[in-house]
Novice: 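Pasting a structure here, questions to come.
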Amino acid sequence: MNALSVNPAPENEPILGYLAGTSERLRLEAELAHQRSSTVEVPMYIGSERVLTQDRRRMSPPHDHQHTLGYAHFGNTAHVQAAIQAALAAKSNWENLPWEHRAAIFLKAADLISTKYRARILAATMLAQSKNIFQGEIDAVCELADFLRFNVHYLREIYSMQPVSSPLIWNRVEYRPLEGFVFAITPFNFTAIAGNLPASPVLMGNTCVWKPADSQIFSAQVVMEIFLEAGLPPGVINLIYVDGPAAGDVIFKQPDFAGVHFTGSTAVFQHIWKSIGENIRCYKSYPRIVGETGGKDFVLVHNSADVAGAITAITRGAFEFQGQKCSAASRVYLPESIAQSIIEGVKKDVESMSVGKTEDFSNFINAVIDERAFDKIMNYIEKAKNDPQLTLICGGEGSKESGYFVKPTVFVTQNPRSLTMCEEIFGPVLTIYVYPDNEWEKTLELVNTTSPYALTGAIWSQDRYAMQQAMTALTHAAGNLYLNDKPTGAVVGQQPFGGGRASGTNDKAGSLFNLLRWVSPRTIKENFVPPTNYRYGYQ
């Protein structure tokens, strides 16, 4: 107890190669086969109970939707209320536990992810979210482990931030958790985000109710099992599967609601913010609202850019994980002088991409998450095909017969404000606008004003004056800006992630800034020699 502990120095988890014949490849193949041959019953985790219900909903791989992975047991408003009570009941013991013990649980969880559970959590993500090996490895294994390790490092940095003291006085600050419980709402596309959104406030001493996306429950329950094996006490995180309105109707009317940690759509986040505002008088304190909500991310190419590098950045940035990243490139601006070379290079890359199941490791493109997403994406593609100002370069086809497969699709538009240049599609659809080389400044204004989002963007240029001009013009157009790189792939501890405008509150997941949102500092001043006369010296 009487020590200023120093946590293990965080390092980014190495990405394994999974080459043919390697031990990690063999373990993964065996785990994929095991999970495909099993049918699991996935409970909710409320307090110390694993809750089964009569509302069993089938889980299936998006790339093989006739196959059954298992059944998730869904709850109702009564289960939401039970989860809130469990979180509040666990709060006192958890927030008074020395921080080293909270930290140790998540450090152990990170080590379990990178060792014992590596194949299991990777396989679950590949099956449930249709990610190929590389996309699953950098997400479910590396990024999630990085979040947990670096968050501990940032926690200690925050606790070490102390004020100066004057003679005869000792000033200090303690970082209390929020008063009440935190609600974590997590998306389908990243297992790491699903784990981090409840874990980060909990590390800071809060307790949490966690609602994952329905399509991510299969891998979410693996994350929960890891946390429990690492020593997380019952009730600290309560994992529930309920329809969104059922959760919101209960949670946002609770006096003890202290904050929401959200990743998802802009429309849902705005509805949440509105609900909180409407109920603001009933809360014990003003809730913290932290959210990341999507993007319409750009790649801007200057005529001085390296063509080969820009091609690869566009291809990877737009089509890895089927474009289902908040940071995925979906609008590209090319100068006339090099546009054709880049378009031909992107087309060549796209036409070489194999599309299919994740269990076939040769496939670069897998399925989009579900039928609703498939229908939405194909609707955008059909509208674009029928727009005389857009030309289809490649792709444009999809099938949901056996899985929700959409071929990577590239359009070139004559209208820089056409539908697919402006609206978030969240799928493998890329639109390119070609601008005259002498309209660089006009194009900067286009990039800045075309979309309401401001999450990520990339600038390609070998001309430093042009690059600086673009960076200045696009100051508020992206929270994560990439120079001569693709606009995806933020690494914890290296590129804190988040955007502004319609993309969210820009609280930077994987950084000290995010963890600060989950504490309520208390300043303490202790006077060692207090005055004994009310008069001051001038009297």
Side-chain angles (χ1 to χ4, degrees), residues 7-15 103 106-107 110 138-161 175 182 184-187 189-204 206 259-264 269 288-298 317 320-321 325-329 453-459 471 474-519:
N7 56 282
E11 295 182 359
N12 292 115
E13 177 65 27
I15 302 169
F106 290 107
L107 290 175
I138 62 174
D139 164 25
V141 177
C142 299
E143 186 171 31
L144 181 51
D146 286 352
F147 273 135
L148 302 179
R149 291 173 178 145
F150 277 86
N151 280 350
V152 170
H153 173 71
Y154 297 134
L155 172 148
R156 192 182 187 283
E157 282 194 347
I158 290 170
Y159 286 0
S160 298
M161 292 164 49
Y175 295 89
V182 173
I185 308 173
T186 63
N189 56 341
F190 283 91
T191 301
I193 296 175
N196 181 58
L197 264 58
S200 52
V202 163
L203 175 65
M204 305 308 291
N206 299 281
V260 60
H261 204 186
F262 175 90
T263 295
F269 190 56
R288 304 293 172 87
I289 306 174
V290 177
E292 191 264 289
T293 58
K296 188 66 180 174
D297 308 294
F298 63 85
E320 287 182 324
F321 188 41
K325 299 183 180 184
C326 302
S327 56
Y453 297 100
L455 188 56
T456 74
I459 300 169
M471 291 176 66
L474 303 175
T475 294
H476 296 289
N480 281 57
L481 185 63
Y482 296 81
L483 307 179
N484 295 321
D485 199 1
K486 61 185 176 70
T488 64
V491 177
V492 177
Q494 298 187 38
Q495 298 99 28
F497 188 79
R501 294 180 178 169
S503 289
T505 58
N506 201 18
D507 287 296
K508 299 297 185 190
S511 76
L512 178 148
F513 305 112
N514 183 279
L515 295 188
L516 278 170
R517 297 302 306 276
W518 308 117
V519 293

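We use all heavy atoms of the structure for the numbers below, so side chains are in, but hydrogens, waters and symmetry mates are not. Numbers here simply count residues along the sequence, with the first being 1.
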Novice: Quick one about Asn151 and Asn514 (side-chain donor to acceptor, distance below 3.5 Å, no hydrogens or angles considered), yes or no?
Specialist: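 The answer is no; no qualifying pair exists.
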Novice: For Glu292 and Gly294, indicate whether the former's side chain and the latter's backbone hold a donor-acceptor pair under 3.5 Å.
Specialist: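 Checking the backbone N and O of Gly294 against the side chain of Glu292, a donor-acceptor pair under 3.5 Å is found.
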Novice: Do Cys326 and Asn189 have side chains that get closer than 4.5 Å, going by heavy atoms?
Specialist: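 In contact.
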Novice: For Lys325 and Ser327, does a side-chain donor sit closer than 3.5 Å to a side-chain acceptor?
Specialist: no
Novice: Leu515 versus Glu157: any side-chain heavy-atom pair under 4.5 Å?
Specialist: no
Novice: To check you understand the geometry: which heavy-atom pair defines the closest contact between Pro14 and Cys142, and what is its length?
Specialist: O-SG, 3.6 Å
Novice: How close do Leu203 and Ala103 get, heavy atom to heavy atom, and via which atoms?
Specialist: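 Heavy-atom minimum between the residues: CD1-CA, 3.9 Å.
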Novice: Determine the minimum heavy-atom distance between Thr488 and Tyr482, stating which atoms define it.
Specialist: O-CE2, 4.2 Å
Novice: Which value, rounded to the nearest 0.5 Å, describes the distance between Asp297 atom CG and Tyr453 atom OH?
Specialist: 10.0 Å
Novice: Relative to each other, are the rings of His261 and Trp518 parallel, tilted or perpendicular (30° and 60° limits)?
Specialist: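 Plane angle between 30° and 60°, so tilted.
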Novice: Can you tell me how far CZ of Phe190 sits from OG1 of Thr263, rounded to the nearest 0.5 angstrom?
Specialist: 10.0 Å
Novice: Just verifying a value: how many Å separate Leu512 CG and His153 NE2, rounded to the nearest 0.5 Å?
Specialist: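 It is 8.5 Å, given to the nearest 0.5 Å.
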Novice: Looking at every non-hydrogen atom in both residues, tell me the closest pair between Pro8 and Leu107 and how far apart they are.
Specialist: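 Heavy atoms of Pro8 and Leu107 come nearest at CD-CD1, 3.8 Å.
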Novice: Can you measure from CZ (Phe497) to CG (Asn196) and round to the nearest 0.5 angstrom?
Specialist: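 Atom-to-atom, Phe497:CZ and Asn196:CG are 12.5 Å apart.
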Novice: Could you tell me whether the side chain of Phe298 reaches within less than 4.5 Å of the side chain of Leu474, counting heavy atoms only?
Specialist: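 Contact flag for Leu474/Phe298 side chains = yes.
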Novice: Mind checking ring pair (Phe, Tyr, Trp, His ring centres under 6.0 Å) for Phe147 and listing every partner two or more places apart, or none if nothing turns up?
Specialist: none
Novice: Roughly how far apart are Glu143 CD and Ile193 CD1, rounded to 0.5 Å?
Specialist: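 The CD1 atom of Ile193 is 6.5 Å from CD of Glu143, to the nearest 0.5 Å.
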Novice: Using 30° and 60° as the class boundaries, would you call the ring planes of Tyr154 and Phe150 parallel, tilted or perpendicular?
Specialist: tilted
Novice: For Pro496 and Ser511, which heavy atoms make the closest approach, and how far apart are they?
Specialist: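 For Pro496 and Ser511, the tightest heavy-atom pair comes out as CB-CB, 3.8 Å.
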Novice: Are Val182 and Arg288 side-chain neighbours, meaning at least one heavy-atom pair lies under 4.5 Å?
Specialist: no
Novice: Taking Thr293 for the side chain and Ala502 for the main chain, is one N or O donor matched with an acceptor at less than 3.5 Å?
Specialist: yes
Novice: Please, which pairs that meet side chain to side chain donor-acceptor pair (under 3.5 Å) have at least one residue in residues 492-508, sequence neighbours excluded?
Specialist: Asn12-Gln494, Asn448-Arg501, Asn480-Lys508, Thr505-Asp507, Asn506-Lys508, Asp507-Arg517
Novice: Determine whether Pro198 and Thr186 make a side-chain contact, defined as any pair of heavy atoms from C-beta on separated by less than 4.5 Å.
Specialist: yes
Novice: Report the C-alpha separation of Tyr175 and Leu155 in whole Å, then their side-chain angles, then the decisive distance to 0.1 Å, and conclude whether the side-chain contact (heavy atoms from CB on, under 4.5 Å) test is met.
Specialist: CA-CA 10 Å; Tyr175 295 89; Leu155 172 148; over 6 Å; no
Novice: Asp146: which residues meet the salt bridge (charged side-chain N to carboxylate O under 4.0 Å, His left out) condition with it, sequence neighbours left out?
Specialist: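 Checked Asp146 against salt bridge (charged side-chain N to carboxylate O under 4.0 Å, His left out); zero matches.
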Novice: To check you understand the geometry: which heavy-atom pair defines the closest contact between Leu455 and Gly499, and what is its length?
Specialist: CD1-N, 3.3 Å
Novice: Can you tell me how far the CG atom of Leu144 sits from the CG atom of Asp139, to the nearest 0.5 Å?
Specialist: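 The CG atom of Asp139 is 8.0 Å from CG of Leu144, to the nearest 0.5 Å.
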